[in-house]
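In what follows, chains carry the letters A, B, and so on, assigned in the order in which the sequence lines appear, proteins first and then strands, with residues in each chain numbered from 1.
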Amino acid sequence: MDKKQKLSKDFYTRDVHTVAKELLGKLFTRKIGKTVISGMIVEVEAYDGSIDEASHSFGGKTNRNKVMFNEGGSLYVYFTYGMHFCANVVTGREDESKAVLIRALQPVDGIDLMTKYRYNKKEITRNEFVNLTNGPAKLCKAFKIEREQNGTDLTGGEIFILKSANINKAKIAVTTRIGIKKSVDLPWRYYIKDNPFVSKK
DNA sequence: ATCAAGATTACCT
DNA sequence: GGTAATCTTGATA
């Protein structure tokens, strides 16, 4: 078997916090034509519609958030602030409405194409490189993840996540989440300590 | 029909 | 550190 194996359904249908922590270090991957673009997941946040007021799904199913109610293994993409998309990995069983927001990636493959989608040019500065995928809306732009990608099956061939070694527990930082106004004290943000592509300390 | 808020980012001082 | 940009969604009438 290939060393870089695609995560299967079983990975995603587990507890949202377990999935969130285990996603760190794995390769978020998209195939566009013949080109593969990928980045190592370095920062995530968990959202749980059953007890978490900050979750889009807290108030029940709506047209916007319905993908969050799928069984684990779907990609939930939402549009916000009139200009940005963010991507989540849906976890757990059907109707649990729990998902992991992908907040930051470290670019690995297809950096030229990411650069084109993100900045629409070829040459970028060192600073622009660091900013390529170090935020939830930035990485969506670099991976061209938009409305049409909402509901994508992560066990399919378009967007998927590749296995790699788990990150040592001692290297995972746990903090409160960023940019929310409700349930602000829940320690549901996980990131790889000292990684330069984490969005914010 | 109207309206406020938003799981952000880029650019300004 | 502050805030404009920009528009969809969901709630209320």
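- Protein atom NZ of K61(A) is 13 Å distant from nucleotide atom P of dG10(C), rounded to whole Å.
- Rounded to whole angstrom, the span from the OH atom of Y76(A) across to the C1' atom of dA7(B) amounts to 9 Å.
- Pair assignment for dA4(B) gives dT9(C), based on Watson-Crick or G-U wobble hydrogen-bonding distances that are each under 3.5 Å.
- Stacking between Y47(A) and dA7(B) is present: the aromatic ring centre lies within less than 5.5 angstrom of the base six-membered ring centre, and the two planes differ by under 30 degrees.
- Contact check, R64(A) against dC7(C): no side-chain N or O comes under 4.0 Å of OP1 or OP2.
- Nucleic acid contact for A54(A): base, since at least one base atom lies under 4.0 Å from a heavy atom of the residue.
- Pair assignment for dC11(B): dG2(C), on the basis of Watson-Crick or G-U wobble contacts that are both within less than 3.5 Å.
- When rounded to the nearest whole Å, the span between NE2 of H84(A) and P of dG6(B) equals 15 Å.
- Nucleic acid contact for L101(A): base, since at least one base atom lies under 4.0 Å from a heavy atom of the residue.
- A cation-pi arrangement is present between R177(A) and Y47(A), with the terminal nitrogen or guanidinium carbon under 6.0 Å from the aromatic centre and inside a 45° cone about the axis.
- In this structure, F85(A) places its CZ atom 14 Å from P of dT9(B), rounding to the nearest Å.
- Nucleotides dA7(B) and dG1(C) are separated by 22 Å at their P atoms, to the nearest Å.
- An OP1 or OP2 oxygen of dA7(B) is reached within less than 4.0 angstrom by no side-chain nitrogen or oxygen of K181(A).
- A cation-pi contact, defined as under 6.0 Å to the ring centre and within 45° of the axis, is absent between R30(A) and F28(A).
- Distances shown here put a side-chain N or O of H56(A) below 4.0 Å from the OP1 or OP2 atom of dA7(B).
- Not one side-chain nitrogen or oxygen of T80(A) sits closer than 4.0 Å to the OP1 or OP2 atom of dT8(B).
- Protein atom CG of N150(A) is 13 Å distant from nucleotide atom C1' of dT8(C), rounded to whole Å.
- Between R147(A) and M83(A), the one whose closest nucleotide on DNA chain C sits nearer the 5' end is M83(A).
- Nearest-nucleotide mapping onto DNA chain B: of K182(A) and K138(A), the residue sitting toward the 5' end is K182(A).
- At a threshold of 4.0 angstrom between heavy atoms, the contacts of N131(A) with the nucleic acid are absent.
- Within the 4.0 angstrom heavy-atom criterion, no nucleotide atom of any strand lies near R189(A).
- Taking 4.5 Å as the limit, some side-chain heavy atom of L7(A) sits within range of a side-chain heavy atom of K163(A).
- Side-chain atoms of F79(A) lie closest to dC7(C) of the nucleotides dC7(C), dA7(B), dA10(B).
- For the pair R103(A) and Y191(A), the cation-pi criterion (under 6.0 Å, within 45° of the ring axis) is not fulfilled.
- Distance OH (Y81(A)) to P (dA5(B)): 12 Å, rounded to an integer number of Å.
- Other residues, nucleotides and ligands contribute at most 12 non-hydrogen atoms within 6.0 Å of the CD atom of E123(A).
- When rounded to the nearest whole Å, the span between CZ of R103(A) and P of dT9(B) equals 7 Å.
- Taking atom NZ of K200(A) as the reference point, atom P of dA7(B) lies 15 Å away to the nearest angstrom.
- For N120(A), the CG atom is loosely surrounded, since the number of other residues' heavy atoms within 6.0 Å does not exceed 12.
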